[in-house]
Amino acid sequence: MESRILDDLNPAQREAAACIDGPLLIFAGAGTGKTRVITHRIAHLIYDIGIPPENILAVTFTNKAAGVMRERLVGLAEGSSHAAAAGRVFFATFHRFCAWLLRRHGEAVGIPKRFTIYDDADSLHVIRQILKSMNLESSIYRPAAIAAIIDRAKNDLRGPQDIEAAAEGPVEEKTAGIFVEYERRLRAAGALDFTDLLVFAVRLLESAEPVRKHLQEKFSYVLVDEYQDTNLAQYRLLRSLAAHGNLCVVGDDDQAIYSWRGADVRNILSFEKDFPAARVVKLEQNYRSTQGILDLAYRVIRNNRDRADKRLVTHLGPGDAPTVYAAADGYDEASFVSGRVRDLESDLPYNQMAVFFRMSAQSRLIEEEFLARGIPYVVVSGVGFYERREVKDLLAYLRVIANPADDAALERILNVPKRGIGDTSAAALAECARAAGVSQADMLNRLDQVGASAMVKKRLADLAHLLQELRRDAADRTIEETLRRTVAVTNYFDYLEKTDPPGFEERAANVQELYTVAQEFANRVGMAEGQPPLVAFIEELSLLTDADRADSSADRVSLMTLHAAKGQEFSAVFLIGLEEGSLPHASAFESDAELEEERRLCYVGITRAKRKLFLSHAYSRRIYGETRDDIRPSRFLEEAGVLEEARFQVVDTAAYRSFRRREAPERVSLNDDTIVRVPLDDDQAAFGVAPGDRIAHPHFGEGMLLRISGHAEDATATVKFDRAGRKRLKLAHAKLTRLS
DNA sequence: ATAGTGGGTGTTTTT
DNA sequence: CACCCACTAT
Ligand SMILES: Nc1ncnc2c1ncn2[C@@H]1O[C@H](COP(=O)(O)OP(=O)(O)OP(=O)(O)O)[C@@H](O)[C@H]1O
């Protein structure tokens with residue numbers, strides 16, 4: 001068992017990596033080498049102990065993390081005869097692992113082999129359809145809210161009955177019914193949404209003993225990174241899978257940031273109870289950051305009550321004090337960031353710099369600034385390649401080809417490109433299919449049963465024919481060829497050019513890029529695994545995210561959300577928008593638990609930095625197109641004493657001082673019912689109503705006018721109606737009458 | 001059937 | 001501001 005592999009670990013890490021049998025928890029703070037231990041432990045298992053690599057399953061949080069880990073593992077075997085073995089370890093996210101499992105054994109729980117994976121947009125689409133069929137208004141029953149409730153329930157392995165039982169309002173009550181119908185429609189379409197992958201995998205493992213036994217034998221060693229962010233479904237999956245006890249999990253309760261997705265930090269806190277005889281290894285030596293950065297991180301996270309205390313030490317020395325910049329506004333902040341990037345660029349490559357923010361929308365000002373300054377950057381979260389309309393359109397064609405039952409995909413392409421099949425015809429087709437109990441694609445081949453005009457039927461028949469040809473040809477063509485043929489027979493480029501002339505070039509380029517992705521996929525995967533390549537490709541696209549696609553070798557500054565930053569590290573980090581409402585986000589104000597999660601998010605951001613850390617906040621922001629001058633710095637900055645202490649460099653600006661002097665209007669948070677009695681400008685007063693008035697609206701009834709914002713035509717009243725709740729109404733339009 | 005208009009509405013975070 | 005929906009005019 002003598003091993004050079006473990007030489008580049010410190011004693012505590014080595015202990016963890018060398019402990020190969022039985023449950024093991026590595027519970028340690030940021031940058032202590034948890035991920036490194038996992039990688040070395042796998043290498044040790046294979047190269048020193050002789051465990052066949054295909055018996056090892058390593059679960060990561062993102063596909064990208066899986067890729068990085070695989071590379072590192074190969075790196076460790078460099079030059080040895082084992083190098084190829086590394087490729088046989090199964091690295092995957094939970095979702096990908098479940099998809100793999102269900103492709104093979106899903107039939108035991110009623111999932112067809114060629115199931116399709118519905119993404120968020122598909123799910124929302126289905127929910128909207130259901131709302132329509134139930135005659136529920138989507139303004140009250142907000143599809144996204146309903147989707148969130150359903151998704152959350154599924155992650156907790158709960159069903160419609162549980163939601164109904166726990167329902168607190170009308171929306172939740174109805175959600176149970178929508179949930180039932182949602183499930184029905186997905187099953188009928190042979191589709192699983194992201195969370196279904198987990199749900200059905202759990203169901204499969206817990207109900208089909210032969211499958212479970214087989215997997216337990218196959219994966220005799222299971223390792224899980226970022227265990228603090230696992231949810232109930234994932235936990236149950238691990239329990240079944242790793243009943244043999246050879247389960248190694250690593251994590252840090254201070255980095256639990258996915259509770260909104262059902263992740264439960266108690267999974268890691270009670271690991272010892274769940275897996276008796278578990279060994280626990282704690283690591284304290286941080287190898288990533290300088291002491292100044294770690295101190296600041298600690299000053300933030302220590303304010304969480306609900307945590308296991310951990311101190312981190314580093315021997316990288318004190319380093320540069322983190323810089324705090326108080327910006328006048330978002331533009332000022334952006335120019336601060338670009339200025340510092342310019343200062344740093346002689347010492348650091350761009351890809352060692354990153355800008356983090358709470359919400360994707362916050363990247364915009366930074367992007368504009370970088371564009372103007374010629375600083376190369378890449379946005380690694382937000383609307384990306386795979387969400388592009390053109391990519392999803394073509395993917396929908398592939399989906400229908402691979403799985404004719406995929407109604408969501410069919411509905412997407414029914415009239416894309418425009419072929420004169422409008423909402424009415426689409427609804428008729430859907431209704432007939434529903435009545436006949438078949439998929440809409442099947443219905444296309446039984447048009448005699450569809451009540452529609454001859455003209456429409458002809459168009460539907462043409463589509464059916466087109467799909468049939470594509471499907472027939474797909475059998476003996478490459479994916480790329482199928483894609484090209486689809487584009488050709490549908491005249492897809494013409495459609496793009498007609499519908500979006502200014503965006504045409506970019507969209508066409510994305511289509512080309514998709515060809516390349518298909519080609520690379522084919523080269524990489526070959527004909528392995530005996531799976532139809534088309535099905536495998538669609539799965540790949542469904543599970544990949546933009547972050548996975550980002551080429552880390554390209555020399556660009558990374559822009560990403562704090563959530564996307566987890567697990568990564570950069571020499572220089574900018575954490576922007578450190579303001580009340582943003583970080584912590586306004587939606588967390590009401591709940592201590594959520595505030596603590598926001599604080600952890602801040603902690604995660606800070607601890608990504610190796611040597612340079614810049615924190616910034618602005619006193620003025622545009623929110624909903626309105627400029628707000630009453631923005632306060634984040635409580636996290638205050639708690640940490642950052643704003644006063646000389647040990648941190650506080651950059652102040654003349655611009656900011658003048659902002660501070662200006663009289664701030666009464667503070668209003670987005671959710672409260674304060675009546676904002678600031679003097680109205682003449683154009684606002686002209687409407688004859690003022691904050692504090694009782695008013696009546698023809699549709700919403702009576703209410704209290706809370707505030708007026710905007711000017712002239714755009715003057716908008718915020719009214720709290722007695723029955724209809726809070727509404728915003730354009731004064732120029734809404735007929736408000738003043739009572740009393 | 002579709003394009004264009006003009007309301008109202010709402011905000012996280014992602015596999 | 002950006003998105004989504006309902007409505008109107010072609
Ligand atoms: N024993 C060691 N010797 C040298 N460098 C190390 C050692 N252990 C870890 N490192 C380095 O420290 C950095 C952080 O390691 P790693 O990403 O594994 O930490 P982590 O605990 O997973 O962090 P986090 O939880 O913050 O994502 C990496 O650059 C890694 O190479």
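Letters A, B, ... are given to chains in the order of the sequence lines, protein chains preceding strands, and every chain is numbered from 1. Just so we're clear, the structure is a prediction, and the values are computed from it rather than from any experiment.
- The CG-C1' distance, from N231(A) to dT14(B), rounds to 12 Å in whole Å.
- Nearest-nucleotide positions on DNA chain B place V456(A) closer to the 5' end than the other of E598(A) and V456(A).
- Remark: S425(A) is in phosphate contact with dA1(B), judged by side-chain N or O atoms under 4.0 Å from OP1 or OP2.
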Please list, pair by pair, any protein nitrogen or oxygen found under 3.5 Å from a nitrogen or oxygen in nucleotides 3-10 of chain C.
{"residue": "dC5(C)", "atom": "OP1", "partner": "R128(A)", "partner atom": "NE", "Å": "2.6"}

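- Taking a pair as Watson-Crick or G-U wobble with both distances under 3.5 Å, DNA chain B forms stems of 3 or more consecutive pairs at B:1-10 with C:1-10.
- Under 4.0 angstrom from either OP1 or OP2 of dT14(B) there lies no side-chain N or O belonging to K566(A).
- Using modelled atom types, no side-chain atom of R412(A) and backbone atom of A396(A) make a donor-acceptor pair closer than 3.5 Å.
- For dT15(B), the OP1/OP2 oxygens have no side-chain nitrogen or oxygen of T195(A) closer than 4.0 Å.
- Atom CG of L197(A) is separated from atom P of dT15(B) by 13 Å (rounded to the nearest Å).
- Taking the six-membered ring where the residue is Trp, Y258(A) and F61(A) present tilted rings, their angle falling between 30° and 60°.
- Checking dT2(B), dT14(B), dC1(C) against every side-chain atom of R261(A), the shortest atom distance belongs to dT14(B).
- Phosphate contact (OP1/OP2 of dT13(B), side-chain N/O of S360(A), threshold under 4.0 Å): present.
- The aromatic ring of W260(A) stacks onto the base of dT13(B), its centre lying under 5.5 Å from the centre of the six-membered base ring with the two planes under 30° apart.
- Straight-line distance from the CG atom of L237(A) to the P atom of dT15(B): 18 Å, rounded to whole Å.
- In this view, F94(A) satisfies the ring pair (Phe, Tyr, Trp, His ring centres under 6.0 Å) rule with no residue, not counting sequence neighbours.
- Between the CG atom of L578(A) and the C1' atom of dT12(B) there is a distance of 15 Å, given to the nearest Å.
- Using a distance-only test at 3.5 Å, with no hydrogens or angles considered, no donor-acceptor pair links the side chain of D122(A) to the main chain of A408(A).
- Spacing between atom NZ of K154(A) and atom P of dT15(B) amounts to 18 Å, rounded to whole angstrom units.
- Ring orientation note: the planes of Y619(A) and H617(A) are nearly perpendicular, at an angle over 60° on the 30°/60° scale.
- Summarising the geometry, the separation between NZ on K64(A) and P on dT14(B) is reported as 13 Å, rounded to the nearest angstrom.
- Counting only distance, with no hydrogens or angles, the side chain of D196(A) and the backbone of D193(A) share a donor-acceptor pair below 3.5 Å.
- When the nucleotides dT13(B), dT14(B), dT15(B) are ranked by their closest atom to the side chain of Y258(A), dT14(B) comes out on top.
- Taking the side chain of R358(A) as heavy atoms from C-beta on, and the options dA3(B), dT15(B), dT12(B), the nearest nucleotide is dT12(B).
- At the heavy-atom level, N415(A) lies under 4.0 Å from the strands shown only through sugar-phosphate atoms.
- If you take OH of Y495(A) and P of dT2(B), they are 10 Å apart, rounded to a whole angstrom.
- The nucleotide whose nearest atom lies closest to any side-chain atom of T561(A) is, among dT15(B), dC1(C), dT13(B), dT13(B).
- R459(A) comes within contact range of no nucleotide atom at all, as no heavy-atom separation falls under 4.0 Å.
- A distance-only check finds no donor-acceptor pair linking the side chain of H95(A) to the backbone of L198(A) [under 3.5 Å].
- In terms of the side-chain contact (heavy atoms from CB on, under 4.5 Å) criterion, residue partners of A430(A) (sequence neighbours excluded) are, by chain and number, Q440(A).
- F94(A) comes within 4.0 angstrom of no nucleic acid atom, judged by non-hydrogen atoms across all strands.
- Applying the ring pair (Phe, Tyr, Trp, His ring centres under 6.0 Å) test to F574(A) and every residue at least two apart in sequence or in another chain returns F614(A).
- Looking only at distances, no side-chain donor or acceptor of E579(A) sits under 3.5 Å from a matching main-chain atom of P633(A).
- Separating the P atom of dT13(B) from that of dC4(C) is a span of 15 Å, rounded to the nearest Å.
- With centres under 5.5 Å and a plane angle under 30° as the test, the ring of H95(A) is not stacked against the base of dT15(B).
- One can place CG of N63(A) at 8 Å from P of dT15(B), the figure rounded to the nearest angstrom.
- S542(A) meets the side-chain contact (heavy atoms from CB on, under 4.5 Å) test with I117(A), I538(A); sequence neighbours excluded.
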